[in-house]
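Values below: all heavy atoms of this structure, side chains included; hydrogens, waters and symmetry mates excluded. Letters A, B, ... are given to chains in the order of the sequence lines, protein chains preceding strands, and every chain is numbered from 1.
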2 protein chains.
Amino acid sequence: MTAQARGLHARVLDSLGPAITGGEYPPGSVLRTDELAQRFEVSRSVMREAVRVLESMHLVASRRRVGVTVLPAEEWNVYDPQVIRWRLAGADRPRQLRSLTVLRSAVEPVAAGLAARHATAGQCAALTEYALGMVATSRGRQLEAYLVHDIAFHRTVLNASGNEMFARLGDVVAEVLAGRTHHDVMFEDPDPAAVTLHVRLAEAVREGDAAGAEALTREIAEGALRELDILAP
Amino acid sequence: MTAQARGLHARVLDSLGPAITGGEYPPGSVLRTDELAQRFEVSRSVMREAVRVLESMHLVASRRRVGVTVLPAEEWNVYDPQVIRWRLAGADRPRQLRSLTVLRSAVEPVAAGLAARHATAGQCAALTEYALGMVATSRGRQLEAYLVHDIAFHRTVLNASGNEMFARLGDVVAEVLAGRTHHDVMFEDPDPAAVTLHVRLAEAVREGDAAGAEALTREIAEGALRELDILAP
DNA sequence: ACACCTAAAAAGTCAGACTTTTATGTCACA
DNA sequence: TGTGACATAAAAGTCTGACTTTTTAGGTGT
């Protein structure tokens, strides 16, 4: 799954990135490039490239005569897919999953409304197909197969919105859905009501019913929030 | 304004980044590190660091024996503040401003609803202050002063939501508001209706009226969309 | 107590040599 | 004519060492 040989600097990042986002180095901690290079057994050049990447993510700031300072979490580029992955892999995964789900609940309804206006015939067909796939795999503990269709469905809606900012959240949504299936409470089959909502959403988009699509997505989102006890009952 | 001496690699990025996001190198274009280093008159080490950063933004991909390939726009990390700034400075600024405004219209209402539940007393006071500041500067062509309050207002709402993903959109909103004032049609004083909505929003948040805050923000967002002719009248 | 000056620490820069991967072209053989 | 193995070279990747620049901390002198 994870490519092994995509460069030394990337391997350093795989180790150092999660350590920082995981709070192993509290904000204000000072690292020195040379020391890090020794620790990871790479040359200074490689370590410098890794630090540059961390710097571009606003995880650290590098200053002369001081060193590489870890920045507080409020500074981090939390929309960077890499940072999201690191954080989801770390200890505060639950909190991260919550904030991302709230983001979804804001974005996806509007995206669905736009999709109803802009979706191509091909996208509509794809949506119907994925929705039917969800129906077919919604019973009998086929969670993995269900997840594939669920991800494809939501990704298609975001792409069909025609807004690139929405489209680029496809990966985030995929991570959230996968996280929910794999790590959180999901011992049982998906909620049949949610499955029905997806089928109806596919219909609404196909028929160009923007208001309906938005409302249905809002219902789906509320279900997701309720699962995480974010929404009051 | 723009720091001049924050490293050679940063200066290279200031030049190369906008060139790429501006479409000067179409997707698939191949650059060579050595050639770039010569062109910008820096050492290979410095150029390599710059390329690493571009790579982490998914603007380019570096492959052995091939070179540094410019990736298609769908791959770009469009949530990276740096990338956003580069694109807003470039030719497709209008398109960018539209997609960001649509994003705002999705996120801010939900953020405002959360802010009504979670805002601290200090944040409520700040909101009221900024809203009054907007009122005071809404007439007589004081656009710059108005903008400052407008930005502070929206940033405070996003922060008060208590969701870090929302909070981190403060910079984006600031860019959009500034862009609207500075480059787009804004010869006249702000819409009085919009100003009133902000005052009422501050009240709603203070009173913990989540539904009201959300609805008011939706109205504000609709105004912004209409300004860009995104919303049907 | 304050201003100024010096020294050192760490990042930043550069140049050159070497290694590794891999696209491509070539040549023999079927 | 096609195909597969092999050689070649191009470009990124890595390492090392020397040097420069900035900036902090500490000392010195009035």
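- For C:dA11, the OP1/OP2 oxygens have no side-chain nitrogen or oxygen of A:R44 closer than 4.0 Å.
- The CZ atom of B:R6 sits 19 Å away from the P atom of C:dA11 (whole-angstrom rounding).
- Rounded to an integer number of Å, the gap from B:L36 CG to C:dC14 P is 15 Å.
- For a distance-only test at 3.5 Å, the side chain of A:R65 fails to qualify as a donor-acceptor partner of the base of C:dA10.
- A sub-4.0 Å separation between OP1 or OP2 of C:dA10 and a side-chain N or O of A:T33 is absent.
- Within 4.0 Å (heavy atoms only), A:S45 reaches at least one base atom of the nucleic acid.
- Backbone-only contact: B:R63 has heavy atoms under 4.0 Å from sugar-phosphate atoms and none from a base.
- Per the geometry, CG belonging to A:D34 stands 12 Å off C1' belonging to D:dG17, to the nearest Å.
- Here the C1' atom of nucleotide D:dT14 and the CE atom of B:M47 are 19 Å apart, to the nearest Å.
- Taking atom NE2 of B:H9 as the reference point, atom P of C:dC14 lies 12 Å away to the nearest angstrom.
- Between the side chains of A:T33 and A:R48, no donor N or O sits under 3.5 Å from an acceptor N or O.
- At a cut-off of 3.5 angstrom, the base of C:dA23 holds no donor-acceptor pair with the side chain of B:R64.
- Between B:R32 atom CZ and C:dA23 atom C1' there is a gap of 15 Å when expressed in whole angstrom units.
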- Query: Can A:T128 and A:R206 be said to form a side-chain hydrogen bond (donor to acceptor under 3.5 Å, both in side chains), step by step?
  - Reply: CA-CA 9 Å; A:T128 308; A:R206 191 176 54 235; 3.1 Å; yes
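- For B:R39, the CZ atom sits in a packed shell: over 12 heavy atoms of surrounding residues, nucleotides or ligands are nearer than 6.0 Å.
- Nucleotide C:dC14 holds its C1' atom 14 Å from the CD atom of B:E41, rounded to whole Å.
- Between A:R48 and the phosphate of C:dG12, there is a side-chain N or O to OP1/OP2 separation shorter than 4.0 Å.
- Using a 30° and 60° split on the angle between ring planes, B:Y130 and B:H149 fall in the tilted class, from 30° to 60°.
- Rounded to whole Å, the distance from CD on A:E49 to P on C:dT13 is 13 Å.
- Heavy-atom contacts from other residues, nucleotides or ligands closer than 6.0 Å to CZ of A:R98 number more than 12.
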